[in-house]
Number of protein chains: 2
Amino acid sequence: MKINKELVGASTALLILGVIAKSPSYGYQIVKRINTEAQDLFEWQEGTVYPVLHKLEKDGLIRSQWQTADTGRRRKYYYITSRGQEALADYSVQWTEFNNLVVRITEVQYA
Amino acid sequence: MKINKELVGASTALLILGVIAKSPSYGYQIVKRINTEAQDLFEWQEGTVYPVLHKLEKDGLIRSQWQTADTGRRRKYYYITSRGQEALADYSVQWTEFNNLVVRITEVQYA
DNA sequence: TGACATACTTAGAAGTTCCATGTATATTAT
DNA sequence: ATAATATACATGGAACTTCTAAGTATGTCA
């Protein structure tokens with residue numbers, strides 16, 4: 001299995017897929033959700049996320065649908081596709097293996 | 001703690017620092033070492049690693065020294081600096097936290 | 001009505017990594 | 001002997017991502 005070349009950079013995509021897989025969401029919500037979970041670890045900007053959403057949609061891993069909230073505000077909801085679910089499962093495995101490698105290489109050796 | 005903006009992209013640096021921290025190495029050796037450990041997960045190209053080594057040295061996280069092997073071949077050995085050790089410890093923590101986030105977000109929910 | 005939060009979008013800059021290629025030398029195979 | 005391969009370092013330019021910044025629009029609340 002040759003890992004996806006962009007795997008690591010694709011952690012953004014991985015997180016987005018993870019969020020949408022649990023529940024369809026729209027961009028702004030995803031940004032808030034991840035930033036809350038990330039605490040002080042990092043902070044996504046909207047300008048980072050929207051292009052990734054567009055790319056994921058172009059690649060057929062998610063699809064979108066405009067909806068109007070009760071408030072009257074328009075939101076573009078994203079849904080994961082079956083290809084997206086496959087990709088998510090795939091990326092998760094790759095991520096885990098990659099993490100194992102990082103841990104193995106960087107961990108301190110104890111006699 | 002604001003995570004290093006390049007953390008994820010910095011996984012390359014993290015792995016390199018991890019290798020050198022255990023034992024001073026030269027570029028070609030690092031590439032072979034990581035590629036062996038990475039199995040089929042990915043494969044670093046030399047052209048990917050040398051620029052990172054140069055950047056790490058410029059940032060003072062590693063230092064280099066030319067040595068001539070018994071074979072007569074010249075190698076540029078890299079040593080981790082104290083600042084490099086601090087960075088390695090720091091990045092490791094950040095990586096762990098980041099991984100925890102990824103796992104939390106992407107893991108399947110069981111009732 | 002003014003300030004703020006919500007919500008999406010894109011342009012341009014900056015930064016990384018990849019691919020390809022180049023140079024040089026030692027080792028191994030023919 | 002010499003050809004092929006492995007070792008070893010290096011860099012230019014392409015390709016790709018992400019970031020910053022800005023823009024547009026609308027709903028909510030003081």
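Here is how names work: the chains are called A, B, and so on, in the same order as the sequence lines, proteins then strands, and each is numbered from 1.
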Notebook entry, point to check: Any idea which of dC19(D), dC8(C), dT16(C) is nearest the Lys55(B) side chain?
Noted result: dT16(C)

Item checked: Basic-acidic side-chain contact under 4.0 Å: Glu57(A), Arg63(A) -> no

Next item on the list: Would you mind classifying the nucleic acid contact of Gln45(A) as base, sugar-phosphate or nothing, using non-hydrogen atoms under 4.0 angstrom?
Entry: base

Note to self: Closer than 3.5 angstrom, by distance alone: can the side chain of Ser25(B) be matched with the main-chain N or O of Ser23(B) as a donor-acceptor pair?
What the structure shows: yes

Check: Counting side-chain heavy atoms from CB outward, which of dT9(C), dA10(D), dT18(D) is closest to Trp66(B)?
Finding: dA10(D)

Notebook entry, point to check: Can you tell me how far C1' of dT17(D) sits from CG of Leu53(A), to the nearest Å?
Noted result: 14 Å

Next item on the list: Would you check if the side chain of Thr48(B) reaches a backbone N or O of Trp44(B) as a donor-acceptor pair within less than 3.5 Å?
Entry: no

Next item on the list: Give the rounded distance in Å between these two atoms: CD of Glu57(B) and C1' of dA10(D).
Entry: 14 Å

Notebook entry, point to check: Please give, in whole Å, the distance from dA6(D) P to Asn35(B) CG?
Noted result: 15 Å

Item checked: Atom pair distance, as rounded to whole Å: NZ in Lys32(B) and P in dT5(D) -> 15 Å

Next item on the list: Measure from OH on Tyr50(A) to P on dA7(C) and round the result to the nearest Å.
Entry: 8 Å

Check: If you measure from CD on Glu37(B) to CD1 on Ile105(A), what distance do you get to the nearest 0.5 Å?
Finding: 4.0 Å

Note to self: How many whole angstroms separate atom OH of Tyr78(B) from atom P of dA8(D)?
What the structure shows: 14 Å

Item checked: Between P of dC19(D) and CD of Glu43(A), the distance in whole Å -> 11 Å

Item checked: Candidate nucleotides dA6(D), dT17(C), dA5(C), ranked by approach to the side chain of Tyr28(A) - the nearest -> dA5(C)

Check: Looking for any heavy atom pair under 4.0 Å, which part of the strands does Glu46(A) touch: base, sugar-phosphate only, or nothing?
Finding: base

Margin query: Taking the side chain as everything from C-beta on, heavy atoms only, tell me whether Val49(A) gets closer than 4.5 Å to Tyr28(A).
Written below: no

Next item on the list: Report which part of the nucleic acid Gly27(A) touches: base, sugar-phosphate, or nothing (heavy-atom distance under 4.0 Å, all strands).
Entry: sugar-phosphate

Notebook entry, point to check: Just one of Asp90(B), Leu61(B), Ile80(B), Ile20(B) clears the side-chain contact (heavy atoms from CB on, under 4.5 Å) bar with Gln85(B), so which one?
Noted result: Ile80(B)

Check: With nearest nucleotides of DNA chain D determined for Pro51(B) and Tyr26(B) from heavy-atom distances, which residue corresponds to the more 5′ nucleotide?
Finding: Tyr26(B)

Next item on the list: Classify the angle between the aromatic ring planes of Trp95(A) and Trp95(B) as parallel (below 30°), tilted (30 to 60°) or perpendicular (above 60°).
Entry: parallel

Item checked: Euclidean distance, atom NE2 of residue His54(A) to atom C1' of dT17(D) [Å, nearest integer] -> 15 Å

Next item on the list: Give a yes/no on whether any side-chain N or O of Thr48(A) is located under 4.0 angstrom from OP1 or OP2 of dT20(D).
Entry: no

Check: Tell me, which of residues 70-77 of chain A have any heavy atom that sits under 4.0 Å from an atom in DNA chain C?
Finding: Arg73(A), Arg74(A), Arg75(A), Lys76(A)

